[in-house]
Protein chains: 2
Amino acid sequence: MVVDQLRDADLDRLFQAFADATRRDIVTRVTAGEYSVSGLAEHYAMSFAAVQKHVAVLERASLVTKERRGREQIVRAHHDGLQRARRLLDEYETIWRQRADRIADILAEG
Amino acid sequence: MVVDQLRDADLDRLFQAFADATRRDIVTRVTAGEYSVSGLAEHYAMSFAAVQKHVAVLERASLVTKERRGREQIVRAHHDGLQRARRLLDEYETIWRQRADRIADILAEG
DNA sequence: CTATTCTACAACCAAATGGTTGTAGATCAG
DNA sequence: CTGATCTACAACCATTTGGTTGTAGAATAG
């Protein structure tokens, strides 16, 4: 199974984006409210540029979008992206859970 | 919010482990049946050592375990680890979905 | 107009990642 | 015992990652 390249690359970017506590926190924040990039940066013990890069990673993973408003860039949760992420996680989770359940059943029988 | 360090590190390792197509494929395989490390390695266009490293990453993320059987090392899905992964993903997903739903409602009203 | 704020982006750096080859120790087959 | 197989691990390499500082351009405030 060489698997679907497109989907693979998307999943790579998705999980990679989630594999950092700062980025997960950013996603949590922007699903709750509006933040400019500098507004986000205030909350982390790192440079503005570093936060800018984290936002860029989330953007490439289609988890957030940016929209310019005056001199600020507003970061928002990208709902299509988040939904897509959920669906992909669900699929994986379903496969693994079904198999895990089947194995649990077999172990229970034994 | 400086968040829970332990959980953060676990989540980092978890998502990092998932952020590679080969590793996701390995997890899928070992949830379905038994594989030795070399048995797994047969399926990928990379060296045995590379696959060994991927398995090690999954092991550190508590997603698989290894058990020696003769000269082979059998790789198995670690069900506690997978369950834990599921629970963590569910939590995140719940937070995000609730917020996304709320926002969707607001947008629908407007 | 000027100063400040917000963003973009380049250059740089250390550490981690994902791969390789090579060597060596166990275990099994004949 | 000997040879083949399976694993472990070290050393190495190129690329990516996560951070930094510095420079420069747009937009706003006064």
Side-chain angles (χ1 to χ4, degrees), chain A residues 2-3 5 8-27 29-30 33-76 78, chain B residues 2-3 5 8-30 33-76:
Chain A
V2 185
V3 218
Q5 295 299 110
D8 271 2
D10 284 351
L11 277 174
D12 285 359
R13 266 184 248 111
L14 174 65
F15 284 117
Q16 184 59 42
F18 286 158
D20 181 282
T22 301
R23 286 195 293 264
R24 290 192 299 273
D25 197 64
I26 289 175
V27 172
R29 280 182 196 279
V30 302
E34 279 193 357
Y35 284 84
S36 66
V37 180
S38 52
L40 284 171
E42 285 172 16
H43 297 89
Y44 307 103
M46 67 185 71
S47 68
F48 170 80
V51 174
Q52 223 177 1
K53 281 193 187 182
H54 282 306
V55 172
V57 171
L58 292 170
E59 224 182 343
R60 262 183 276 120
S62 300
L63 288 172
V64 306
T65 55
K66 285 190 300 187
E67 188 185 346
R68 186 165 279 282
R69 197 170 60 194
R71 69 183 149 186
E72 289 184 337
Q73 196 83 261
I74 304 299
V75 182
R76 290 210 179 80
H78 185 232
Chain B
V2 185
V3 218
Q5 296 298 112
D8 271 2
D10 284 351
L11 278 174
D12 285 359
R13 266 185 249 112
L14 174 65
F15 283 117
Q16 183 58 43
F18 286 158
D20 181 283
T22 302
R23 287 197 291 265
R24 290 192 298 273
D25 198 65
I26 289 176
V27 172
T28 302
R29 280 183 196 279
V30 301
E34 279 193 357
Y35 283 84
S36 66
V37 180
S38 52
L40 284 170
E42 284 172 17
H43 296 89
Y44 307 103
M46 67 186 71
S47 68
F48 170 80
V51 174
Q52 226 177 357
K53 282 192 186 182
H54 282 307
V55 172
V57 171
L58 292 170
E59 224 182 341
R60 261 183 276 120
S62 301
L63 287 173
V64 306
T65 55
K66 284 190 301 186
E67 189 184 346
R68 186 164 279 282
R69 198 169 60 192
R71 70 183 148 186
E72 290 184 336
Q73 196 86 259
I74 304 299
V75 181
R76 289 210 180 80

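In what follows, chains are A, B, ... by sequence order, proteins preceding strands, each numbered from 1. No hydrogens, no waters, no symmetry mates; every other heavy atom, side chains included, goes into these values.
Of the residues in residues 55-70 of chain B, those with a non-hydrogen atom less than 4.0 angstrom from any atom of DNA chain C are B:G70.
The phosphate of C:dA8 has OP1 or OP2 within less than 4.0 Å of a side-chain N or O from A:Q52.
With rounding to whole Å, B:Y44 atom OH is found 15 Å from C:dG18 atom P. Following rounding to the nearest Å, B:M46 (CE) and C:dG19 (P) show an atom-to-atom distance of 4 Å. Atom CD of B:E72 and atom C1' of D:dA4 are 14 Å apart (whole Å).
Side-chain contact check for A:Q16 versus B:F15: every heavy-atom pair is 4.5 Å or farther apart.
A salt bridge (Lys or Arg N to Asp or Glu O under 4.0 Å) check over residues 34-51 of chain B, counting only residues at least two apart or in different chains, returns the pairs B:E34-B:R69, B:E34-B:R76. Residue pairs meeting the salt bridge (Lys or Arg N to Asp or Glu O under 4.0 Å) criterion with at least one partner in residues 55-66 of chain A, sequence neighbours excluded, are A:E59-A:K66.
From one end of the helix from C:dC1-D:dG30 to C:dG30-D:dC1 to the other, with five pairs defining each end axis, the axis direction shifts by 20° (rounded to 10°).
Side-chain proximity of A:H54 to the nucleotides D:dG18, D:dT7, C:dT20 is greatest for D:dG18.
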Check: protein-nucleotides 10-15 of chain C nitrogen or oxygen pairs below 3.5 Å:
none

Just the table, please: protein N/O against nucleotides 3-5 of chain C N/O, every pair under 3.5 Å.
from, atom 1, to, atom 2, distance (Å)
C:dT5, O4', A:R71, NH1, 3.4
C:dT5, O2, A:R71, NH1, 3.4

Next item on the list: Let me see the working for B:F48 and B:V37 under side-chain contact (heavy atoms from CB on, under 4.5 Å), right down to the final yes or no.
Entry: CA-CA 8 Å; B:F48 170 80; B:V37 180; 3.5 Å; yes

